[in-house]
Amino acid sequence: MSTATTAAPRTAAGRPRRRRVRVRPGGVLATVSVLFLAVVWLLPLVWAVLTSLKPEGETTAVPVRWLPLEPTLEAYRAVIARGDLQQWLLNSTVISTGVTVLTLVVCVLAAYAFSKVPFPGSSWLFALFIAGILVPAQVLIIPLFDEMTVLGLVDTYWGIALPQVVAPVMVFILKRFFDAIPRDYEEAARIDGAGHLRILWNVVLPMSLPILAAVGIFTFVHAWNNFLWPFVATTDPALMTVPVGLGTVQGAYGIQYAQNMAAAVLGALPLIAVFLLFQRQVVRGVTDAGLK
Amino acid sequence: MTTHADTEPVRTASSGPTGSAARPPGRARRTAAAWAGLWYALPFTALFAVFLLWPMLAGLWTSLTDRSLARGGGSFVGLANWSAMLADPAVWQSLWVTVLFTAISTPLLVAIALAMALLTHRTARLGWFLRLSFFGPFLLPVAVVTLIWTWLYQPGFGLVNSLLTGIGLPEVGWLSGEGTVLPAIAITTVWWTAGFNFLLYLAALQGIPRYVHEAAALDGAGPWQRLTRITLPLLRRTTALIVMLQMVASLKLFDQAYLMTAGSGGPNYAARPIIGYIFDTGFTGLRIGYASAISYLFFAVIVVASLVQLRLFSRKETTE
């Protein structure tokens, strides 16, 4: 509780004792209410986990009972035995990693050009990309699906991934960051005989690691959770990502609530694990890329 | 920022994005060097052209045809789709659902995120736990969210209704009621995405120097006064940004509404947003000409909403 730091100088206001009595309850109240809010926010997840540990027969019991009477991993076993969730996790991993790597490469190169190696017309091209930020992906699904059918990319990894690589906002964010790198650095490198690619690799990129991490993490989370386009672009369950697979096969699981929740928990795990491991980077990535 | 803007002679070009080839950069020897940057921009430009610009233009053309996903082809029908769209009650009904959802969800998503951030900022010790609780749901794939919440909203043995009956309130058929299905989806959305706005607010709060508060405390300002007179005004820019981002995000409602109504749009389409109608028209009705026209209507809504907000917020900032 950082409010304690202001304790001493308050005597100037002439009410030293009252203040102590007043701030403490405020602090306690804040702590209690934030904890209450956090518990409310966690409840759905806790309830999902608890349900997944129940035998199917217990899930629909009335009145509701929180803890399973006979905890079992039966639901998890059933979901894993079916095998499709593992396939979707694999698909999501491949597609999200591919989208992230491609986005980073392609957007870094473009941002570098716009920032450090401008060419005739580059500011016009950049303005066109900025306008592209305004176009929501949802507007494009119909013509994009039509186009993918012609290109034969429906039901392929490439078809799912490539449209997600077109993230002009990332070019914008990276360019802004590159712009802030003083020219002296590249000029020094140029005098030493370095070409554009050398300068990008040895000078600009090492100075841009935080923004690269931010863009990478944001892109990965976005690709992992993207629903609409992968949903439109796949009909074959073997190629579905986690959100699409869980969303469409939801019905096929029928009314087996414990299995539904087990699948939900397993589908949620990867990103939650990533978050627990790299909390600081994820928070920074989301705020850095989200704020701009 | 744009220190090299003065070295680019193309500001006055009127021949479109790439049509400046006729403008050689002074010294002919350096022509090749002047174009070096183009190679770096090329991969992104190609993808942008194929997967954004082309579908955008193709969609505009398709909206002028009666193209169908089943038959392919399609012939030019002029503005028939556009006039049919303006007379189609389902278009206006789904647009209303979208606007209503935005009106319900945006204030909640901003206010709750602000409360979370203010409280979390005060309680420094539990930071990681609070960030996990509030932001964790944002990391869940939408299908996980809807699986969990469909289960929570279940009549009879669902948790939400059990809690309601537990305190003596009547049960609510959340997802089956025409009046409750959209609020139910909004509540789910608040739970799912408030964490994002929370992080933005928290970052802004951490950017306020501590001495500002200490100075105010010295002057005798109580916690409430510090909040309303200092913290909130200092957060105004962040709030403007979050409201803008949130409104546009809410206008794009589709995923969770589609999944929580099992693709049906809810009773009497009470939870089918405009994107849902585009989806149904294009992929169920296979009328992609008509669906393209509605896509453009939706695009216009997004652009107008963004411009109006930009106007509103920039005016607010200059007057205060």
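Quick note on labels: first sequence line is chain A, next is B, and so on, each numbered from 1.
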Measuring heavy-atom distances to chain B, does [X] have an atom under 4.5 Å in its side chain, in its backbone, in both, or in neither?
X: A:Phe178; value: neither
X: A:Ala137; value: neither
X: A:Val165; value: both
X: A:Thr59; value: both
X: A:Pro270; value: neither
X: A:Val282; value: side chain
X: A:Val274; value: neither

Check: residues 37-52 of chain A side-chain donor-acceptor pairs under 3.5 Å, at least two apart:
residue: A:Trp41; atom: NE1; partner: B:Trp191; partner atom: O; Å: 3.2
residue: A:Thr51; atom: OG1; partner: A:Trp47; partner atom: O; Å: 2.7
residue: A:Thr51; atom: OG1; partner: B:Trp151; partner atom: NE1; Å: 3.0
residue: A:Ser52; atom: OG; partner: A:Val49; partner atom: O; Å: 2.6
residue: A:Ser52; atom: OG; partner: A:Tyr76; partner atom: OH; Å: 2.7

I want to check something: taking the side chain as every heavy atom from C-beta on, are [X] and [Y] in contact at a cut-off of under 4.5 Å?
X: A:Leu228; Y: B:Ile275; answer: yes
X: A:Val283; Y: B:Trp128; answer: no
X: A:Val232; Y: B:Phe279; answer: yes

Can you see which heavy atom on [X] is nearest to which on [Y], and at what distance?
X: B:Val142; Y: A:Pro243; value: CG1-CB, 4.4 Å
X: B:Ile148; Y: A:Ala264; value: CG1-CB, 4.2 Å
X: A:Met261; Y: B:Leu147; value: CE-O, 3.3 Å
X: A:Pro120; Y: B:Ala34; value: CD-O, 3.5 Å
X: A:Val166; Y: B:Leu47; value: CG2-O, 3.5 Å
X: B:Ala143; Y: A:Gly247; value: CB-N, 3.5 Å

>> Test side chain to side chain contact (heavy atoms under 4.5 Å, CB included) on B:Trp39 and A:Leu109; report intermediate values, then the result.
In response: CA-CA 9 Å; B:Trp39 294 106; A:Leu109 287 174; over 6 Å; no
Does any heavy atom of chain A fall under 4.5 Å from the side chain of [X], the backbone, both, or neither of them?
X: B:Ile294; answer: neither
X: B:Val301; answer: neither
X: B:Trp149; answer: side chain
X: B:Ala194; answer: side chain
X: B:Pro43; answer: both
X: B:Leu199; answer: both

> Only one of B:Phe134, B:Phe135, B:Phe138 clears ring pair (Phe, Tyr, Trp, His ring centres under 6.0 Å) with A:Phe275; which?
Replying inline: B:Phe135
> Pick from A:Phe114, A:Phe126, A:Tyr112, A:Phe129: which one makes a ring pair (Phe, Tyr, Trp, His ring centres under 6.0 Å) with B:Phe44?
Replying inline: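 Between B:Phe44 and the candidates, ring pair (Phe, Tyr, Trp, His ring centres under 6.0 Å) is satisfied uniquely by A:Phe129.
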Nearest 0.5 Å, please: how far is [atom2] in [Y] from [atom1] in [X]?
X: B:Tyr296; Y: A:Ile142; atom1: OH; atom2: CD1; value: 12.5 Å
X: B:Leu119; Y: A:Leu29; atom1: CG; atom2: CG; value: 8.5 Å
X: B:Leu42; Y: A:Phe119; atom1: CG; atom2: CZ; value: 8.5 Å
X: A:Gln138; Y: B:Ile274; atom1: CD; atom2: CD1; value: 12.5 Å
X: A:Met148; Y: B:Phe51; atom1: CE; atom2: CZ; value: 4.0 Å
X: B:Ile302; Y: A:Leu134; atom1: CD1; atom2: CG; value: 9.0 Å

>> Checking B:Ile288 against A:Phe145 for the side chain to side chain contact (heavy atoms under 4.5 Å, CB included) test, could you report, in this order, the C-alpha distance in whole Å, the side-chain angles of both residues, the deciding distance, and whether it holds?
In response: CA-CA 10 Å; B:Ile288 56 174; A:Phe145 180 80; over 6 Å; no
> Can you tell which of B:Val50, B:Leu118, B:Leu57 has the highest number of heavy-atom pairs within less than 4.5 Å of chain A?
Replying inline: B:Val50
> Do you know which of B:Val144, B:Leu163, B:Leu60 has the most heavy-atom pairs under 4.5 Å to chain A?
Replying inline: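 Maximum pair count with chain A is reached by B:Val144.
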When [options] are compared by non-hydrogen pairs under 4.5 Å with chain B, the top option:
options: A:Leu102, A:Val135, A:Val221; result: A:Val135
options: A:Ala113, A:Ala127, A:Ala111, A:Ser33; result: A:Ala113
options: A:Val139, A:Leu271, A:Val244; result: A:Val139
options: A:Val242, A:Ile141, A:Val171, A:Leu266; result: A:Val171

> B:Tyr40 side chain to A:Leu197 main-chain N or O, any donor-acceptor pair under 3.5 Å?
Replying inline: yes
> Given A:Asp146 and B:Arg67, is the side chain to side chain contact (heavy atoms under 4.5 Å, CB included) satisfied, shown in steps?
Replying inline: CA-CA 10 Å; A:Asp146 205 14; B:Arg67 191 169 164 78; 2.7 Å; yes
>> Working note: B:Phe254 + A:Phe231, criterion ring pair (Phe, Tyr, Trp, His ring centres under 6.0 Å); need CA distance, chi angles, decisive distance, verdict.
In response: CA-CA 12 Å; B:Phe254 173 74; A:Phe231 177 52; 7.2 Å; no
